[in-house]
Each structure stands twice: as C-alpha cells, then as structure tokens.
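Residue numbers start from 1 in every chain, and the chains themselves are labelled A, B, ... in the order their sequence lines are given, proteins ahead of strands.
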There are 2 protein chains.
Amino acid sequence: MDAALEVFSTYGYRGSTIDQIVQAADMSKSSLFYYFNSKTEVYVALLSETLEEWLKPLTQLDPAGDPLQEIWSYIERKLDMSRTNPKASRLFANEILHGAPNIMSILTGELKALVDEKCQTIQLWIDQGKLAQVSPYHLIFMIWATTQHYADYEVQVDTLIGDDCDKRFADANQTLKTIFLNGLLPR
Amino acid sequence: MDAALEVFSTYGYRGSTIDQIVQAADMSKSSLFYYFNSKTEVYVALLSETLEEWLKPLTQLDPAGDPLQEIWSYIERKLDMSRTNPKASRLFANEILHGAPNIMSILTGELKALVDEKCQTIQLWIDQGKLAQVSPYHLIFMIWATTQHYADYEVQVDTLIGDDCDKRFADANQTLKTIFLNGLLPR
DNA sequence: CTATATTTCGACCAAACGGTCCAGTTTTTT
DNA sequence: AAAAAACTGGACCGTTTGGTCGAAATATAG
C-alpha cells in the first residue's frame, strides 16, 4: 500500500502502471494479483484506507468547545496533515478532480452526514453571535482549500517561495491564523 | 483546442487519449497529427494558450488603488473565472498536481516574476498599515486556493450542498468577502 | 484547365499495458 | 514427515494507445 500511495499520488490512476507499483513495492506482478484482482481494486483499497484517517480531524470539532478555538484547532490539524501526509491529499485531489468515480458513495454518505452535522454546530455558534455571519459549508470549503493547497500545489508553492518546508508552514500558519480568526470575529 | 480542453481537463494528460480528442473534435487522427506532432504538443499548446488568460486577473491588481478594494476585486475576478471556465482551472490543477512537468519554466519565469512584483505591492500596503500583517505570498495562495476550489472540487462541492450553481457562487462570494475583508483589516 | 499545396481518411504498426497461467517454492497445518 | 495452503517468478496473451503511411479528396494558384 505504501508503494501504491507513492505511485498513485504522483501519477494519478490512469497515469500509474501496475509495473511501477510492483517495482516500488519490490515484488512481482503475480504476487500483487494474488492479493488484488485488478488495478482498480488496489486503488480503491488505498483510497478507502486513507479516507478514514482523512475524516478524523473534522470529527474532533467539539460543539461544546469555544467556537474560534475549535475552528482554529481544526485548521491546524488539517494544515498539519498536509505537511505530514501530502501524498494522501494529492491522492484525493486526483480522485475528486476526475469526478470522484470511485468514492462517490462515500461523499454522498459518510462525508455528507459528517459535514452536515458539523455545519449545524457552526450555524448554532453563528446564531449565538459567537462567529461572523458566514455560510458554514463555505467556511469548511475555505478551510479545506487553504490547508490542502500546500500539499496539492506543493510544486507551485515551492517554486514561488524558496523557503524550506518548516519556515513555509510556519508562515502559512501565521497568515491563516490572522485571516481566519480576525475574519470570523463577530462584529 | 476546445475538444482538447474538454478531454484533458476531465481525464488529465495520461488519462486522455488521442482518440477521445479527435472524436470530440469530430475529426480523424491523421488530421490532428497534420497540425501537431505528438499528444504532448497538443497538451502543451493548450496549456500555454490557457495560461495567458489565467494570469490576467493578477496583473490588474493596481498598486495605486485602495488595498482592500483591490484585493477584493482580485478575489471576485478569480472566483468568476472558476465559475465561467472551470475546465481551465482543472487543467492546471492536474498539471501542478503531477509536478508541473510541462510548465515548470513558466512557473519559475513569468509567474514568479509577476507574483514577486505583486507581493511587493501588498507588502507596501502592509507596511503602511493599510492591511493586517500577513505574508503576501500566503495571502495570494489563500486566494488561489479558495477560489479555484469551486472549479477543481466542483464534484465534492456539488455533492455536499445541493444548491444550484448561482446560489452556490453567491454564498461563496459572501463568505469569502466576510472572512477576507474582515480578516485583512489592520488592527 | 492544370499543377501544386493543403487537408482528410482508413489501414496499419510497434510498444505499453492490464491481466492470466502455471510450474515451482515456501510456509503452515495436521 | 506429509499434505495442504499460501506465495512467488517469469513467460505469455489480448487490447489499447501513440503514432505512421500512402493514397485520395479538396482547395488554391497560375
């Protein structure tokens, strides 16, 4: 699965070949096909495996906590995942970009249920005057977009600011904190 | 080129076949190879063609204008491009996601020069106390990420909020406006 | 009209790819 | 130790894919 993640996240589904994966995994093609019946099966197994970890940060958003604190913690967790596991982020980016043909059921099921639930929490916070009046859904999209950007567009970020990885994420953290926390302050 | 954009933006470079493109363009394979020498040449031509239009909004950021007004105009232009030409956005997303093998020279050349220049402008605004203290580069990344998200992750957005396209972009606009303008206010 | 350049077409090719097969080896179970 | 199960390697196969070729059709020029 490590080899599959390495290859699929770099070249996408169609861009990856079985030969690349077995070579990266240092095994033979028949060995792989002993465990999986097709290329798609490897890909879907990898997607499913990674997806669970991917949803965790949002589940931790606590309705009982302080709104601004909770949201900022969520942003930090997501940003940290982009730094520590950019390949997983790119794997999903590829899948979604191509229309999510393999995980559509998870999007409409598990993910939608989770997002709907958390958006209710956020809406409650807004109604209580603890957050600026924004659309909870679009707020979550903003958080996803800004944090995953550092994984998905790593090459571009790397090209435009030469900084080493640590400084880059520290600066990103500070800018996100300023804009999100300042921006979400109720007026 | 329309057919190429349609196909490449949907399936990515490796995921697209010459046959798909010529079929979408309603022409024969040899006809296509009369104009282009290879699949890559079609792809690069399309990328270059689209890239020019893509950079326009940033060039219009006016150093002489009102900082918050200028940045908000830029955001609106970018968001509008995601709505009117999502395929172009996805074409680039694919390319960058895979390491930008075909447009690296543009990233390090033209794009970097433009971004560096505009970041100087933004830094000046910050130094004059007209904007909150953020990293100009990461601010631009935030703008790119949040606006292009609606094109690149259209399927996911569509799945999670059932709204029609118009309402969706109106809500996105309002949320981005609140958070960015509120967030960038100097304190 | 004739000749030249441009454009189109279907047939074809070689390489790459996903996947199969089977004979053999290693590991586990009894 | 014997038998069964799990696992591996490499040769092989059919399809897809990027790309070629030459002949025919169409347009342009003198």
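One interatomic measurement links the two molecules: CG of B/D26 to C1' of C/dT8, which rounds to 12 Å at whole-angstrom precision. The interatomic distance linking B/I18 (CD1) with C/dC13 (P) rounds to 20 Å, in whole Å. In this structure, the CG atom of B/L32 is 15 Å from the P atom of C/dG10, given to the nearest Å. Between B/M27 atom CE and C/dT6 atom C1' the separation is 13 Å, expressed in whole Å. For B/I21 and D/dG18, the CD1 to P distance is 8 Å, given to the nearest whole Å. Separating the CD atom of B/Q23 from the P atom of D/dT17 is a distance of 11 Å, rounded to the nearest angstrom. Note: CG (A/D19) to P (D/dT17) measures 17 Å, nearest angstrom.
Taking 4.0 angstrom as the limit, B/Y11 places none of its side-chain polar atoms (N or O) nearer than this to OP1 or OP2 of D/dT17. Listed pair A/R14 / D/dT17 meets the phosphate criterion, a side-chain N or O lying under 4.0 Å from OP1 or OP2. For the OP1/OP2 pair of C/dG19 and a distance below 4.0 Å, the side-chain nitrogens and oxygens of A/S30 include no atom meeting the criterion. A/Y35 has no side-chain polar atom (N or O) that falls below the 4.0 Å cut-off from OP1 or OP2 of D/dA6.
Here the nucleotide nearest the side chain of B/K39, chosen from C/dG18, D/dG9, D/dG18, is D/dG18. With D/dC7, C/dT8, D/dG19 as the candidates, the nucleotide lying closest to the side chain of B/F33 is D/dG19. Taking the side chain of B/Y34 as heavy atoms from C-beta on, and the options D/dT8, C/dT7, D/dT17, the nearest nucleotide is C/dT7. The listed nucleotides are C/dC9, D/dT20, C/dG19; the one nearest the side chain of A/S38 is C/dG19.
Salt-bridge annotation for A/D80 and A/R83: present, with a side-chain N of the basic residue lying under 4.0 Å from a carboxylate O of the acidic one.
In terms of heavy-atom proximity, A/D19 sits nearest to A/K29 at OD1-CD, 3.7 Å. In terms of heavy-atom proximity, B/Q174 sits nearest to A/V134 at OE1-CA, 4.3 Å.
Donor-acceptor pairing under 3.5 Å, judged by distance alone, is absent between the side chain of A/K29 and the base of D/dG9.
A cation-pi contact, defined as under 6.0 Å to the ring centre and within 45° of the axis, links A/K39 to A/Y13.
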The test is side-chain hydrogen bond (donor to acceptor under 3.5 Å, both in side chains); show your working for A/E117 and A/T121 and say whether it passes. CA-CA 7 Å; A/E117 177 203 328; A/T121 298; 5.6 Å; no
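In this structure, B/T17 reaches the sugar-phosphate backbone alone: every heavy-atom distance under 4.0 Å involves primed, P, OP1 or OP2 atoms, never a base. No contact: A/T40 has no heavy atom under 4.0 Å from any strand.
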